Amino acid sequence: MTITTPHLGSPAGAWTDAQLLYALEEVVEKELNRHLQVAKDWMPHEYVPWSDGRNFPGLFEDGEAWEKEQSKVTEIGRIALVVNLLTEDNLPSYHHEIASLFGRDGAWGTWVHRWTAEEGRHGIVMRDYLLTSRAVDPDKLEQFRMSHMSEGFESDNRHSMLHSIAYVAFQELATRISHRNTGHQSGDPVCDRMLARIATDENLHMVFYRNLLKAAFELAPDLTMQAVRDVVVNFRMPGHGIPGFERAAAQMAIGEVYNLRIHHDDVLQPVLRFLKIMEIDGLGPEGRKAQEELGLFMGGLDSEAAKFDEKLAARKARMAARAGA
C-alpha cells in the first residue's frame, strides 16, 4: 500500500508500509529493550483465591450449581469483568492482525510475540479468578466466549500500519483504564489487586506504542496526523463484537467504569498531550486539515461528555432521593 505525502523527509515523496516498518525498526528495538528492562514477570496463579473454589456440576457428583449470591463481586463489576475477559479472549485474532502488519522478524517480530505472551496472562488470570470466586455463570461465560471467538475479529485499522499504531496507542490506555476502574467497582479487594496487575501491563504496552507514534510523527507528520485524526474520530473498543456489548457498555458508562468523560479525559487527552498534537507545525495542507478536524472533534466530545456528566449526576440524585424516602 503506497501512501503519498508532500513531506520532504519521506523517500521519493512517498511512504509505503514496508518503508515505514523499516524506518521505525530502530525505534522498535529501543522501545523493546526499554520495555524488557521495566516489565516485571508475574505469576497468574498467585492472584487467584484458589481456596474459595469448589466443583461445578458435571463430572463431579458433589458439584454445586452457580448462583449469583455466591460471589461478593458487584453487578457492575460482573458485567465489566465479562466484557474485559471476552475482549482478552480474542487474542489469537489480535496476534494474527499485528503479526500480519508488523511481521515476525527482527525487533518487530520479537515485540509481537512478547506482547502476545504478556496479554495471554491476562485472560488466564481473569478466567481463573472468575470461576474460582464464582463471580459469573460459567456456562454463559463459555457460551459468550464461543460466540465471540467464532465471529473472529477484524480491526477497523488493518488497512494501514500507521493507523494501527495510532489505534493501539489509545486502545491500550483505554483497556488499562477499563481494567482499573472495574477493579475499583468490583467490591472485592482480590479482584482489585488482580486487575491492577493487569493494568500495569497495559500501561507499559501503551507507552511502547505511544513512543512509536511520536517517532512516526518525526518521519511522516502529515500521514501520522491523518491517522491519529481518523482513529480518534472513529474509535471503537476491540470488544464491540461481544454479544450484548451495547447494553453492557451503557451499564459500564453509568457505573463509571468507562464512559465519554473517562474516554475524553483519561484516554484521548493524555496521549494527545504527550504528543503535543496541536503544537505540531510544518504540516502540509492535509496534515493541517487533520489537525484542525481533530481539535474540533475533541471540543465536541468534551461538550458531549459534559452532557453525559449532567445526566449521570441527575440520575445519582434521583437514586439518592429514593433511597432516603
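Since we're looking at a predicted model, the values are computed, not measured.
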Taking distance alone, no hydrogens or angles, what donor-acceptor pairs closer than 3.5 Å link side-chain atoms of residues 274-292 to residues at least two apart or in another chain?
residue : atom : partner : partner atom : Å
R288    : NH1  : L283    : O            : 2.7
Q291    : NE2  : I277    : O            : 2.8
Q291    : NE2  : I280    : O            : 3.0

*asked:* Does anything in residues 246-259 form a side-chain hydrogen bond (donor to acceptor under 3.5 Å, both in side chains)? List the pairs, not counting sequence neighbours.
replied: E256-K316, Y258-H263
_When you compare the side chain of F144 with that of V136, does any pair of heavy atoms fall below 4.5 Å?_
no
*Does N33 have any side chain to side chain contact (heavy atoms under 4.5 Å, CB included) partners at least two apart in sequence or in another chain, and if so, which?*
E29
*Would you mind listing the cluster partners of V38? Hydrophobic ones only (ILVMFWY), side-chain contacts under 4.5 Å, chaining allowed.*
L204
*Got a sec, which pairs hit salt bridge (charged side-chain N to carboxylate O under 4.0 Å, His left out) with one end in residues 296-305, sequence neighbours left out?*
R261-D302, E304-K307
*Salt-bridged, R114 to E118, with N to O below 4.0 Å?*
yes
*Are L91 and I124 grouped together when hydrophobic residues (ILVMFWY) are joined by side-chain heavy atoms under 4.5 angstrom apart?*
no
*Sorted by first residue and then second, give each salt bridge (charged side-chain N to carboxylate O under 4.0 Å, His left out) pair with at least one member in residues 160-183; sequence neighbours left out.*
R180-D192
_Spacing of CG belonging to L173 relative to CE belonging to M206, to within rounding of 0.5 Å_ = 5.0 Å
*Check whether any side-chain heavy atom of W66 sits under 4.5 Å from a side-chain heavy atom of L141, and report yes or no.*
no
*Can you name the residues that form a salt bridge (charged side-chain N to carboxylate O under 4.0 Å, His left out) with K68, not counting sequence neighbours?*
E75
*Residues that Y167 engages under side chain to side chain donor-acceptor pair (under 3.5 Å), provided they are two or more places apart*: none
Mind listing the side-chain donor-acceptor pairs of residues 79-90 below 3.5 Å, one per line with the distance, residues two or more places apart or on another chain?
residue : atom : partner : partner atom : Å
N84     : OD1  : S178    : OG           : 3.2
N84     : ND2  : A80     : O            : 3.4
N84     : ND2  : H179    : ND1          : 3.4
N84     : ND2  : T182    : OG1          : 3.2
T87     : OG1  : V83     : O            : 2.8
E88     : OE2  : H179    : NE2          : 3.1
D89     : OD1  : R127    : NH1          : 3.1
D89     : OD1  : R127    : NH2          : 3.4
D89     : OD2  : R127    : NH2          : 2.8
N90     : ND2  : H148    : NE2          : 3.1

*Are E31 and Y209 close enough that some pair of their side-chain heavy atoms sits under 4.5 Å apart?*
no
*Listed partners of D139 passing side chain to side chain contact (heavy atoms under 4.5 Å, CB included), at least two apart*: D137, Q143
*With sequence neighbours left out, which residue pairs that include part of residues 67-106 fulfil the ring-ring contact (aromatic ring centres under 6.0 Å, His included) condition?*
Y94-F153, H95-H113, F102-W108
Which donor-acceptor pairs under 3.5 Å do the side chains of residues 39-50 make with protein atoms, sequence neighbours left out?
residue : atom : partner : partner atom : Å
D41     : OD1  : R121    : NH1          : 3.4
W42     : NE1  : D201    : OD2          : 3.1
W50     : NE1  : H45     : O            : 3.0

_Heavy-atom check, side chain of Q171 versus side chain of V168, under 4.5 Å_ = yes
